[in-house]
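The block underneath contains the structure these notes are about, expressed in structure tokens.
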Amino acid sequence: MDVLFVHVTYPLAKKIVSFYRSNIDHPNLISTQVKQDIDPESSGGMNGYIFVSNRPVQPAQIDSPISGMDMIADNKVLSVFYNCPAFHVHIPRPPSGVHYPNKYILKKHVKPTPFFWHEKSAVVGWLHSLR
């Protein structure tokens, strides 16, 4: 599974912490089988599923993966497992409440088709002027 990282100030973080705390004693927590749908309203339109495990979602300290660097002591990032939603056909449509303006461009506003210099002939006149 992928891992989703969320800053503690992001609206989805509250939902993640609440979900984790309500399932802390769940028997399937060890096998990472406790999942919840992501609410698109609180995630900026993101879909999918979050999974929690017996690992803390916000460890207090994180060891640095770079040798010689100090560990991160004041962690402000949550991490949960993430699974993409099943493929579905996207149906593009405007959001609810959109009002389209009335058409303003009329036929008199459209300019006639231009002609090129080589379309005029001294013998024939305007060869293709009436397209």
Side-chain angles (χ1 to χ4, degrees):
M1 279 191 244
D2 295 319
V3 179
L4 178 65
F5 296 97
V6 179
H7 193 270
V8 293
T9 60
Y10 195 67
L12 182 60
K14 291 178 186 175
K15 304 248 181 196
I16 291 172
V17 170
S18 172
F19 176 59
Y20 178 74
R21 287 183 180 157
S22 65
N23 290 291
I24 196 75
D25 295 326
H26 198 284
N28 289 337
L29 203 62
I30 295 172
S31 59
T32 318
Q33 293 188 6
V34 181
K35 76 175 184 176
Q36 180 182 28
D37 293 346
I38 295 177
D39 180 20
E41 300 253 337
S42 63
S43 64
M46 184 175 175
N47 291 320
Y49 306 96
I50 55 173
F51 292 80
V52 290
S53 66
N54 55 348
R55 295 180 3 178
V57 294
Q58 186 182 6
Q61 296 179 0
I62 300 174
D63 293 329
S64 175
I66 302 170
S67 62
M69 279 189 80
D70 294 337
M71 73 170 126
I72 299 169
D74 189 22
N75 181 26
K76 302 258 189 236
V77 177
L78 306 176
S79 64
V80 290
F81 292 105
Y82 171 75
N83 198 356
C84 292
F87 177 78
H88 60 280
V89 178
H90 175 68
I91 303 170
R93 59 179 163 253
S96 61
V98 171
H99 298 287
Y100 290 103
N102 293 332
K103 290 184 180 180
Y104 182 73
I105 298 176
L106 304 173
K107 200 168 193 167
K108 67 180 182 178
H109 296 126
V110 179
K111 292 183 177 182
T113 307
F115 64 92
F116 296 105
W117 65 270
H118 63 277
E119 292 177 332
K120 183 179 178 187
S121 169
V123 177
V124 182
W126 296 100
L127 188 62
H128 298 286
S129 63
L130 301 174
R131 289 186 200 188

(request) Could I get the full list of salt bridge (Lys or Arg N to Asp or Glu O under 4.0 Å) partners for Lys76, not counting sequence neighbours? (result) Asp74
(message) Is there a side-chain contact between His109 and Leu106 in this structure, where contact means two heavy atoms from C-beta onward sitting under 4.5 Å apart?
(response) yes
(request) Would you list the pairs meeting salt bridge (Lys or Arg N to Asp or Glu O under 4.0 Å) in which at least one residue belongs to residues 5-24, sequence neighbours left out? (result) Lys15-Asp39
(request) Give a yes or no on whether Asp70 atom CG has more than 12 heavy-atom contacts from other residues, nucleotides or ligands under 6.0 Å away. (result) no
(message) Among Phe19, Tyr20, Phe81, which residue satisfies the side chain to side chain contact (heavy atoms under 4.5 Å, CB included) criterion with Ile50?
(response) Phe19
(request) With the side chain counted from C-beta on, respond yes when Tyr82 and Ile38 share a heavy-atom pair under 4.5 Å apart, and no when they do not. (result) yes
(message) Minimum heavy-atom separation for Ser42 and Pro11, please, with both atom names.
(response) O-CB, 3.5 Å
(message) Any side-chain to backbone donor/acceptor pair from Tyr10 onto Ser43? Under 3.5 Å, distance only.
(response) yes
(request) Identify which one of Leu78, Leu4, Val17 satisfies the side chain to side chain contact (heavy atoms under 4.5 Å, CB included) criterion when paired with Leu12. (result) Leu4
(request) Can you measure from SG (Cys84) to CG (Asp2) and round to the nearest 0.5 angstrom? (result) 6.0 Å
(message) Would you say Tyr49 ends up clustered with Phe5 if hydrophobic residues are merged whenever their side chains have heavy atoms under 4.5 Å apart, either directly or through other cluster members?
(response) yes
(request) Treating Ile, Leu, Val, Met, Phe, Trp and Tyr as nodes and any side-chain heavy-atom pair under 4.5 angstrom as an edge, say whether Val77 and Val3 lie in one connected cluster. (result) yes
(request) Would you mind reporting whether Val6 and Ile16 have side-chain heavy atoms less than 4.5 Å apart? (result) yes
(message) Are there over 12 heavy-atom neighbours, none belonging to Ile105, within less than 6.0 Å of that residue's CD1?
(response) no
